[in-house]
Structure formats: structure tokens, C-alpha cells
Amino acid sequence: MPRITLEVLANTVRAIIATCGTAIFLLIANLDLAETSHAEGQKSGQFVYYVLALSWSPSYCAGEGGQSDRQQCEPGRRFAFVVHGLWPQYTKRWPEYCKTQENWVPQVLIDGMMDVMPSKKLIIHEWKKHGACSGLSQAGYFNSVRQIFGSVRIPARYQSPQAPVTITPTQLVTDFVKSNKGLTADMLSVQCGNAKDRARLSELQVCVNKAGSFAACGANEKRQCRAKTIVMPPVK
Ligand code: U2P
């Protein structure tokens with residue numbers, strides 16, 4: 001019978017550690033993949049929290065996309081913060097385009113949402129891309145959009161400004177925190193593109209849990225506005 005030398009023993013232990021290490025690495029990689037997966041057909045209702053994305057409508061209307069969007073941007077529409085979407089989120093990334101029986105969004109439902117989400121195209125798109133992953137029916141999802149949007153108190157100065165509002169991202173967050181009980185800075189994310197000096201506010205993201213209460217944001221909202229100054233064009 002061959003004698004097990006110290007060297008053979010050490011090599012065997014090294015091999016075991018390497019194999020286990022690889023297995024653990026693959027396991028972690030798979031877990032991460034499951035969480036960051038973006039593929040179609042993800043399980044509706046399996047997510048951790050929501051982001052309510054509030055778009056600053058005058059910035060959208062002043063930009064390229066808004067030029068052709070008469071529904072939202074025609075002079076006299078006077079939208080300020082509007083709902084971009086209510087997005088189910090994983091701790092990292094988010095599910096998209098989950099399977100649904102409700103592929104058609106009825107006009108009556110669209111009409112009922114236009115005051116807070118003022119674009120037919122957007123309403124349909126947001127249902128398909130995000131709402132279908134909420135685990136809620138279409139009516140339930142849009143009801144949640146309205147409820148959660150209604151639970152955010154928009155500070156007076158941002159309700160219908162007649163002149164541009166120039167502030168810092170921190171000031172915007174502070175104003176919302178002051179106006180909303182239970183809301184703290186880590187539950188908000190300011191978005192303004194990539195400019196470092198001055199930028200238009202594009203949106204404010206508010207994180208909420210599945211029950212609709214304000215909650216801490218996650219990795220998806222980490223990338224925030226880095227501009228020193230943000231400009232919010234007035235309503236028109
Ligand atoms: O940020 C650009 C676009 O990516 C989508 N998005 C972003 C962050 C997030 O957490 N979830 C998410 O879906 C949005 O795409 P949309 O819903 O507009 O198609 C966002 O506009």
C-alpha cells in the first residue's frame with residue numbers, strides 16, 4: 001500500500017479546496033445571474049420593492065422626446081411631476097416583460113390614468129414592461145400607481161412653477177423629505193443625466209415597499225444626479 005506522504009496530502013487538500021472554491025464561485029455567479037437576469041418570462045410578483053419614477057414633465061417636453069408628444073406637451077397641458085412608471089425591482093436590476101393574460105389595455109383604463117400618466121403610449125408600455133411583473137391585475141397595478149403617487153406630497157414650490165426653479169439635488173431631496181412623513185434621503189434618487197455642472201432634472205425616483213410605504217432604495221438607484229445645479233423648467 002503506498003505511503004501517503006505529507007506532499008500528497010497537501011496536494012489532495014489543495015485540489016479539494018480548488019474544486020469547492022469553483023463550485024462556490026459558480027453557485028454565487030448563478031445566484032447573481034438569477035437576480036440580474038433580464039430575460040423575458042420572469043415570474044410576476046417576485047420582486048423586492050418598487051420604484052415610483054416621477055418624471056419632471058417640463059424637462060421631458062423641452063427635450064427631443066417631448067417635441068412630438070402633443071398629448072403630454074402641448075402648450076396649456078401644464079404638467080409638473082407626472083408618473084413615468086411604477087417599477088418592481090430586485091435588489092439588483094429588475095424583472096421585465098413578464099407573461100400576462102392582460103395584453104390589451106382598455107381605453108377606459110387609459111382615460112382614467114391620463115391625469116397622472118399623461119400619455120397613452122407610456123401607459124401601455126409601462127404595463128407591458130413593468131406592470132405585468134407586479135403580480136397584480138392590470139386594474140390593480142394602475143390603482144397602485146394612483147395610490148402610491150397620491151401618497152407622495154409634492155412640495156408647494158414644485159407643484160406648478162411659473163418660472164424655472166434652480167436648486168441643488170440635495171435641496172430637492174431635503175424639500176421632499178420635509179414634506180413627507182416617513183421619507184428619508186436614502187429612499188429617493190435624483191436623475192438628471194450625466195452633466196456635472198448644470199443639468200435639467202429628468203426625474204425623481206421614490207422607493208416604496210410592496211405595501212406601498214416609503215422604503216430604502218437599492219443598487220438600481222445608486223447612480224444619481226452629479227450635477228451641482230439642477231434646473232426645473234416651468235410648467236407651460
Ligand atoms: O433609465 C433608462 C430606462 O431604463 C428603465 N429602467 C431604469 C431603471 C430601473 O430601475 N428600471 C427600469 O426599467 C426605464 O425604462 P422605461 O420603463 O422607461 O422603458 C428607464 O426609462
Side-chain angles (χ1 to χ4, degrees), residues 32-69 71-73 79 81-100 102-103 105 109-110 113-114 116-136 138 141-142 144-146 148-149 152 169 172-173 186-195 199-210 212 214-227 230:
D32 197 42
L33 215 111
E35 214 177 37
T36 61
S37 152
H38 235 170
E40 224 173 284
Q42 293 159 90
K43 277 257 163 65
S44 183
Q46 288 185 358
F47 62 95
V48 182
Y49 66 103
Y50 287 112
V51 164
L52 177 72
L54 301 178
S55 164
W56 183 247
S57 186
S59 295
Y60 164 72
C61 292
E64 219 176 283
Q67 302 300 308
S68 55
D69 190 340
Q71 243 173 355
Q72 183 167 340
C73 300
F79 286 112
F81 275 113
V82 296
V83 177
H84 172 176
L86 180 66
W87 303 335
Q89 305 289 90
Y90 298 138
T91 50
K92 256 197 255 162
R93 310 214 52 166
W94 53 87
E96 286 185 356
Y97 299 106
C98 299
K99 263 215 178 98
T100 173
E102 296 182 284
N103 288 300
V105 187
L109 201 152
I110 293 170
M113 290 307 293
M114 289 292 283
V116 292
M117 240 175 144
S119 153
K120 177 174 178 167
K121 233 172 94 183
L122 177 68
I123 293 170
I124 296 170
H125 168 77
E126 291 298 310
W127 163 253
K128 289 186 174 166
K129 184 169 174 184
H130 304 282
C133 296
S134 65
L136 302 171
Q138 207 176 68
Y141 172 72
F142 284 110
S144 292
V145 170
R146 181 170 288 288
I148 295 172
F149 181 51
V152 180
L172 180 70
V173 167
D186 61 328
M187 301 171 179
L188 295 169
S189 177
V190 179
Q191 303 295 320
C192 72
N194 296 322
R200 275 196 202 121
L201 174 72
S202 52
E203 62 187 36
L204 179 68
Q205 299 177 341
V206 185
C207 299
V208 293
N209 61 24
K210 283 182 160 181
F214 300 132
C217 292
N220 299 327
E221 298 76 41
K222 272 253 145 56
R223 249 182 91 91
Q224 292 218 40
C225 176
R226 284 179 301 164
I230 44 176

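For ligands, and for the atoms within them, numbers begin at 1 and follow the listed sequence. Start at 1 with the first residue, then count along the sequence.
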Please state which protein non-hydrogen atom is closest to [atom] and give its distance, to 0.1 Å?
{"atom": "atom 7 (C) of ligand 1", "result": "Trp87 CZ3, 3.6 Å"}
{"atom": "atom 18 (O) of ligand 1", "result": "His84 NE2, 2.6 Å"}
{"atom": "atom 10 (O) of ligand 1", "result": "Gln89 NE2, 2.8 Å"}
{"atom": "atom 6 (N) of ligand 1", "result": "Trp94 CZ2, 3.6 Å"}

Whether Phe142 and Trp127 hold their rings parallel, tilted or perpendicular, with breakpoints at 30° and 60°: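 Tilted: the ring planes of Phe142 and Trp127 meet at 30° to 60°.
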
Exercise check, heavy-atom protein proximity under 4.0 Å to atom 1 (O) of ligand 1: no

For [X], the ligand 1 atoms whose distance to one of its heavy atoms is below 4.0 Å:
{"X": "Glu126", "answer": "16 (P), 17 (O), 18 (O)"}
{"X": "His130", "answer": "12 (C), 13 (O), 16 (P), 17 (O)"}
{"X": "His125", "answer": "16 (P), 17 (O), 19 (O)"}

Verdict with reasoning, Leu86 to Phe149, per side-chain contact (heavy atoms from CB on, under 4.5 Å): CA-CA 9 Å; Leu86 180 66; Phe149 181 51; over 6 Å; no

Judging by distance only, is a nitrogen or oxygen of [X] under 3.5 angstrom from one on ligand 1?
{"X": "Asn220", "value": "no"}
{"X": "Gln205", "value": "no"}
{"X": "Glu96", "value": "no"}
{"X": "Lys129", "value": "yes"}

Polar side-chain atom of Glu203 near backbone of His84 as donor-acceptor pair, under 3.5 Å: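 Looks like no, no N/O pair under 3.5 Å.
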
Val51 and Asn220: CA distance, side-chain angles, deciding distance, side-chain contact (heavy atoms from CB on, under 4.5 Å) verdict: CA-CA 9 Å; Val51 164; Asn220 299 327; 5.9 Å; no

Nearest-0.5 Å distance that lies between atom CE in Met187 and atom OG in Ser189: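 Reported value, rounded in 0.5 Å steps: 14.0 Å.
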
Gap between atom OG of Ser134 and atom OH of Tyr50 - 0.5 Å precision: 5.0 Å

Cys192 to Leu201 - nearest heavy-atom pair and separation: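 Nearest heavy atoms, Cys192 then Leu201: CB-CA, 4.4 Å.
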
Residues Tyr90 and Gln42: side-chain donor-acceptor under 3.5 angstrom: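 Yes, a side-chain donor-acceptor pair sits under 3.5 Å.
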
